[in-house]
Amino acid sequence: MSGMAIARAAPRARRLPWGDRLFRLLLASAAILVLALLGGTALAIFWGALPAFLHFGSRFLTGLAWDPVRQEFGALVPIYGTLVTSAIAMVTAVPISFGIALFLTEVAPAWLRAPIGAAIELLAGIPSIIYGMWGLFVFAPFMADHVEPALTALLGPLPILGVLFNGPPLGIGMLTAGLILSIMVVPFISAVMRDVFLLVPLALREAAVGLGATRWELVWRVVLPQTRSAVMGGIFLGLGRALGETMAVTFVLGNAHEFSASLLMPSTSIAAAIANEFTEADSNLYRSSLIALGFLLFVITFVVLALAKWLLARLSAGEARR
Amino acid sequence: MKSAIAALALALLSGFVPGFANAAEITGAGSTFVYPLLAKWSDDYSKQGGAKINYQSIGSGGGIAQIKAATVTFGASDMPLPPADLHEAGLIQFPAVIGGVVPAVNLPGVAPGALRLTGPALADIYLGRVKTWNDPEIVSLNPGLTLPALAITVVHRSDGSGTTFNWVDYLAKVSPEWKARVGEGTSVSWPTGVGGKGNEGVAAYVQRIKGAIGYLEYAYILQNKMTYALVQNAAGRYPEPGKASFQEAAASAEWSKTSDFDLVLTNAPGDGAYPITATSFILIHRTAGATGAVKGALDFFRWAFAHGDASAEALDYVPLPASLTAAIEAYWQANLP
């Protein structure tokens with residue numbers, strides 16, 4: 001599409017002074033550089049991952065073993081850990097962000113909105129390693145001493161669901177990592193939600209209130225349908241961050257290449273495994289397997305973003321029809 | 001081309017860009033364990049008019065890769081390379097400093113050094129076979145100690161590490177089952193437990209989790225005042241970890257029977273030898289003669305062996321015994337005339 005735009009602009013460009021043409025060229029090359037970088041990165045990672053893919057085949061995706069001594073590598077545990085922690089993060093972060101955004105736009109008195117809004121934006125600016133250290137030294141012990149024993153006592157005996165909450169309360173594991181992630185993505189999601197809620201035309205709000213809508217009906221029937229696609233966009237932005245987060249997860253996930261159904265048990269994620277093991281990956285196959293993990297993360301993130309774009313397109317098409 | 005792309009991917013993924021050595025500069029890369037000591041030695045050395053040493057602590061595996069690619073003057077590794085590998089890559093190697101790997105525990109009411117463990121008991125714990133602290137296997141070793149019915153949480157390194165190599169090398173030497181099921185390397189497939197990144201990560205997990213056991217460099221035990229356990233050595237005794245027991249392990253080991261110092265000090269035979277003593281090795285390219293940066297590096301280590309003992313001890317490292325530094329000098333003369 002951009003190629004077409006440049007082509008169409010070309011005849012006019014010939015009449016422009018050379019400075020303008022140079023500027024146009026600079027802008028175009030800056031934009032194309034992004035594409036070239038993305039393509040180059042994907043290609044380089046795939047090239048690096050190729051030996052592992054060729055050696056293990058589909059076993060790389062389904063294998064549970066991660067054994068540097070016997071050179072046997074399977075990505076299932078890191079993939080599982082990445083998806084589970086991100087899922088926990090989204091399940092907790094989305095309702096909380098929704099609540100924050102609603103409170104800030106519909107409920108809070110005007111004098112409270114600015115300080116809370118600023119605090120949430122500050123939360124987004126904290127480096128992830130700080131979240132990791134806070135998670136390890138403050139949050140994990142709190143989970144181990146108070147939350148996890150209570151969860152095991154309360155939910156452990158239940159059939160099916162109980163499996164998720166059994167195990168020793170280490171404070172380090174998928175649940176803790178997921179909750180830390182949710183704290184990290186809440187600012188992103190709630191900021192987007194707040195901004196788009198504020199964009200709903202005043203006339204619509206007044207009309208709804210004039211028809212006797214309660215505050216809940218106003219939000220559920222007017223604000224949300226108006227902003228659905230942007231809200232989805234914010235959620236996927238948060239999910240993208242949760243999938244790739246490295247440092248904070250490394251600190252509290254436990255970094256164990258072990259499959260366990262319980263959310264209280266340690267696991268590992270793709271990003272954490274790469275960060276932990278890359279420096280000492282001494283054989284070519286080991287290094288290639290780690291790069292292959294990176295490629296899988298690339299693919300997962302790409303699929304998630306593509307899915308988000310597709311959802312957005314469908315939703316906005318639906319909104320336009322209405 | 002293939003290696004160029006792999007190098008690009010490596011740089012992209014790790015965020016690490018190798019520093020290229022120019023002729024006058026002495027550069028090194030590798031083991032994170034020796035980094036504080038090399039930094040101190042290099043500082044002292046340059047204050048006395050010696051050359052500046054630029055060392056990047058990127059991990060032993062990275063150090064081996066860098067010296068093989070000849071992008072640095074010397075590499076540092078916590079595990080020795082077998083002589084066949086050395087010759088193939090045109091390298092020589094020699095030990096630089098000694099340390100020890102010590103099990104740390106989080107057991108309320110147990111004093112540092114009070115808990116006694118044997119190698120097979122440690123292996124059973126790390127295999128996940130011994131699951132609680134009041135297991136008969138541990139109780140029988142500690143008749144005077146009341147051990148709680150607390151679950152054991154095994155803590156290991158999540159990153160590849162020379163510390164891990166020495167730990168699992170010891171476990172493999174004392175437990176046939178460990179050797180068969182897990183094996184040895186800078187990272188292994190752990191049967192159980194949680195992984196902490198770096199010594200500080202393992203220390204943090206052990207301090208956080210009640211009933212945890214982890215393995216740490218001796219210096220971390222001292223600096224964090226952690227509760228450690230004693231390990232039985234090959235002579236059947238339980239030596240305190242420290243300078244005396246590490247040096248005895250280094251002195252009792254039969255260096256003369258190996259070529260290129262290819263010896264792991266674990267399970268050394270001496271009466272007071274600490275069983276999990278570790279050595280860091282320096283790797284240098286075998287050149288026609290000791291010239292340029294290689295000569296600079298040798299001069300640096302020669303100076304460090306002669307004058308660096310006080311700095312090493314101040315940082316809780318253990319310097320090499322004199323018999324060993326003499327053997328290293330002879331090795332240099334033989335290989336780098």
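Chain letters run A, B, ... following the sequence lines, proteins first, then strands; residues in each count from 1. Scope of the values below: all heavy atoms of this structure, side chains included, with no hydrogens, waters or symmetry mates.
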Could you pull out the closest heavy-atom pair between B:G193 and A:A256, with the gap in Å? O-CB, 3.4 Å
When the 4.5 angstrom heavy-atom criterion is applied to B:S161 and chain A, the contacting part is backbone
For the atom pair CZ (B:R157) and CG (A:N276), what is the distance rounded to the nearest 0.5 Å? 9.5 Å
Heavy-atom pairs under 4.5 Å with chain A - which of B:T32, B:V168, B:D159, B:T192 has more of them than the others? B:D159
What parts of residues 62-74 of chain A touch chain B if we use heavy atoms and a cut-off under 4.5 Å? A:W66, A:D67, A:P68, A:V69, A:R70
When B:G183, B:G62, B:G185, B:S187 are compared by non-hydrogen pairs under 4.5 Å with chain A, the top option: B:S187
Chain A shares the most heavy-atom pairs under 4.5 Å, among B:I64, B:T153, B:V182, B:I209, with B:V182
Should we count CD of B:Q223 as having more than 12 external heavy atoms under 6.0 Å? yes
Sub-4.5 Å heavy-atom contacts with chain A: which residues of residues 199-208 of chain B show up? B:A204, B:Y205, B:R208
Which heavy atom in A:N255 sits nearest to a heavy atom in B:H156, and how many Å separate them? O-CE1, 4.3 Å
Proximity breakdown for A:L136 and chain B, heavy-atom pairs closer than 4.5 Å: both
Please state whether the side chain, the backbone, both or neither of A:A49 comes within less than 4.5 Å of a heavy atom of chain B. neither
Heavy-atom neighbours of A:M133 CE exceed 12 at 6.0 Å: no
Would you mind checking which part of A:F251 comes under 4.5 Å of any heavy atom in chain B, side chain (CB onward), backbone (N, CA, C, O), both or neither? backbone
Might you confirm whether atom OH of A:Y80 has over 12 heavy atoms from other residues, nucleotides or ligands at distances under 6.0 Å? yes
So, the part of B:T186 with a heavy atom under 4.5 Å from chain A: the answer is side chain
Is it true that atom CZ of A:F259 has more than 12 heavy atoms of other residues, nucleotides or ligands lying nearer than 6.0 Å? yes
